[in-house]
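Worksheet: one structure, shown below.
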Amino acid sequence: MRVCVVGCGAVGSLFAANLAQLDDVEVWAYDLYGAHVDAIQRDGLRLSGAGDVVGRVRATTAASELPRCDFGIVATKAMHTEAAVAATAEAFAEGAVASVQNGIGNEEAIATHVRRVIRGTTFPAGRLLEPGHVQWDVKGDTTLGPFEPQPAGADEIARLADACTRAGMPTQAVADARGPQWRKLIFNAATNPLGALTGLTHGRVCEREDLRALVTNLVNEGKAVAAAQAIRLDADPEELIDHAARKDVAYDHRASMLQDVEARRATEIDYLNGGIVRFGREHGVATPLNEAVWALVKGVEAAWTS
Amino acid sequence: MTGGDDGGGVAVVGGGVIGSIFAAHLARVTDVSVLCRREEHAAALERDGLRVTGKHDFAARLHAATSPAALAEPWLAIVATKATALAGAAASLRGHWPRSTVMTVQNGLGAEEVVRRHGAWALLSAVTFVSGTKHADTHVVYILDTETWIGPYESTPVEVAERAGGLFDRSGLKVEVMPDLRPAQWSKLIFNATVNGVAALTGLRHDFHFASEDEESDLGHLVHALIDEGKEIARAAGIELHDEPWEMNVLATRRGSAHYPSMLEDVDSRRPTEVELINGALVRKAREHGVEAPLHTALFRLVKAREASYT
């Protein structure tokens, strides 16, 4: 089986390096960060933390060097999906491509270039320490299922899930992958922007009673949009929020969007709260607070260039 | 006679930007003293006077002290501190200047009530759109030469407001006197809660983004929705607005140079903001009148949380 990870940042690297441990999987990685690609080519792709492995991965910045692949795993930031998949689509002419990205709308973007698409959600997290070396912060589950308008076959989804699981990334193939995706989306959209706007860690956002109430209001809008699409959440996002707020879990975690804002990097807000607003509009559900938060974070981004 | 025409000059309580701009201008037409918090500030003003540059360019002589006991009783005392320093300033006037009229110019709502708790002075309400920046204790740059609106509070006769207005007018400050200031106060409250809150959270100065409604995620939509929500609260409170806050917003963004809202300034320097008296006041009014205000409630909570992030 040949797999190409498209976007070999932290999450992409977790998949690439772990899958490369398997004898029956050949792993490629496509990324535009030249120093990272060079380091992977030279020394392999190294993970430390929750697991210590070095994977032999063939990395490239040139999409034309990619061979035909059975699977793609897209792990770019959401705003780069379109460009990354447009560049690599040729490699997936016969294959199926999965998104393991944040937010909503990635599968739609992939499907404009690739015929068979897998809807995915993943919870493991990490960060790039240096070129070729990723810190694996949190282990977690992944769910894969068909992207309904242009689905990959159940058998090939199962094959990819099996490979990931064998590689140490527990992955479930399911018939409807929207539930976990919306649970994570709602969690992220209700907490990430509040961290970014206030500068508070996840735990501090949650321990302020009035702010925790705002989180719930945002969650409820997201749940209403999910319900309007007949999506059954696999668990209540509120549980995930409270669990993460515990001192022994992620109390001190600075949301990735807060990290983005502090580093003045574009955020994924368009695919989180923006996604909830767009899907809400399509299904006749009002989402005024998600709209507000979306506009505020867009304002934060605009302030960097004003 | 209360607030009467028995001579006497003007005292300005608080030597910040607004206090300095008012004091310097008024000193051109009447005796002015400034009540400062810091000794060295008062000493510098006594010694060097106050210099204004920017929209106007002049120097003024005035008196200054750190205690009202050291200053002659004025006919008009203008409390020009920030809302966050208002209670302390009002307390310092307790027992002094019984025949004076006291005028508040703080942002938000409720400044008059805070002053009332400390004495039985005749009161005037005012809101001001003047802005500037201080270069030194004795030098203020006058940036926005916009209006100050003055009106009577409680039973103060409108003639007292007119007398204060006349003084402002002769001193070169733009002014409008209104028999009932609440419509204007509310216009500014809605404008301020919206613009200051959004600026503090985004880091944007009050620029074109606030009026832009082209893309679906453009900030103008949120600003518009916040203003509409504010207007609902005003309606429930029985207030007919003096100015349309959305038009105020659009107009202000077309002025050319983007205003640096004070709440953003405070957040940038990690100082406490006026959010309680501005956004908090609006949210409390909504509750009082049974109006849902989800957007202003969210904005208020977010700015409060932002303040909490300083530590």
Side-chain angles (χ1 to χ4, degrees), chain A residues 190-191 193-218 220-221 254 258 261-262 264 267 269-278 280-282 286-306, chain B residues 194-195 197-229 253 257-261 264 267-268 270 273 275 279-280 283 292-311:
Chain A
T191 56
L194 301 199
L197 290 168
T198 63
L200 294 175
T201 66
H202 179 72
R204 290 192 69 194
V205 165
C206 291
E207 72 191 4
R208 291 182 68 85
E209 212 175 296
D210 63 345
L211 212 53
R212 184 64 184 81
L214 177 56
V215 170
T216 292
N217 294 338
L218 287 162
N220 288 342
E221 287 185 2
R254 302 169 77 73
L258 172 54
V261 162
E262 284 176 341
R264 298 191 161 206
T267 70
I269 194 78
D270 286 345
Y271 305 88
L272 297 174
N273 305 77
I276 289 176
V277 171
R278 273 196 304 274
R281 228 163 257 172
E282 267 172 43
T287 55
L289 289 171
N290 277 281
E291 275 179 51
V293 161
W294 185 21
L296 286 171
V297 175
K298 296 300 278 184
V300 170
E301 294 179 357
W304 303 333
T305 50
S306 285
Chain B
T194 302
V195 172
V198 169
L201 290 171
T202 60
L204 282 170
R205 292 183 180 226
H206 192 201
D207 66 8
F208 69 93
H209 292 98
F210 286 70
S212 164
E213 296 182 282
D214 300 331
E215 302 294 325
E216 60 173 346
S217 64
D218 277 352
L219 203 53
H221 295 294
L222 173 61
V223 170
H224 219 144
L226 283 161
I227 284 173
D228 286 345
E229 199 180 274
T253 60
S257 69
H259 177 57
Y260 190 16
L264 172 57
V267 162
D268 281 346
R270 299 170 83 88
T273 70
V275 70
N279 305 68
V283 168
E292 294 274 334
L295 294 177
H296 276 289
T297 302
L299 202 64
F300 177 49
R301 290 173 179 176
L302 287 169
V303 177
K304 294 282 286 178
R306 180 64 171 269
E307 286 182 335
S309 79
Y310 301 161
T311 51

Legend entry - Side chain proximity check, A:L296 to B:L222, heavy atoms < 4.5 angstrom: yes
Legend entry - Atom pair OG/CG of B:S217 and A:N273 - distance to nearest 0.5 Å: 11.0 Å
Inset, instruction - Show the numbers, then the answer: is there a side chain to side chain contact (heavy atoms under 4.5 Å, CB included) between A:L289 and B:L295? - result: CA-CA 7 Å; A:L289 289 171; B:L295 294 177; 4.0 Å; yes
Legend entry - Close side-chain approach of A:D210 and B:T297, heavy atoms under 4.5 Å: no
Inset, instruction - Using modelled atom types only, decide if a donor and an acceptor are shared between the side chain of A:R204 and the backbone of B:A308 within a distance under 3.5 Å. - result: yes
Inset, instruction - Supply the atom-to-atom distance A:E301 CD to B:T202 OG1, rounded to the nearest 0.5 angstrom. - result: 11.5 Å
Inset, instruction - State, yes or no, whether a side-chain contact exists between B:E216 and A:R281 at a heavy-atom distance under 4.5 Å. - result: yes
Legend entry - Donor-acceptor pair, side chain of B:R301 and main chain of A:L211, under 3.5 angstrom: no
Legend entry - Greater than 12 external heavy atoms within 6.0 Å of A:E207's CD: yes
Legend entry - Any side-chain heavy-atom pair of A:R208 and B:K304 under 4.5 Å: yes
Inset, instruction - Mark yes or no for whether B:S309, through its side chain, and A:T198, through its backbone, hold a donor-acceptor pair below 3.5 Å. - result: yes
Legend entry - B:E215 CD: over 12 foreign heavy atoms closer than 6.0 Å: no
Inset, instruction - Report yes if some heavy atom in the side chain of A:S306 is under 4.5 Å from a heavy atom in the side chain of B:H209; otherwise report no. - result: yes
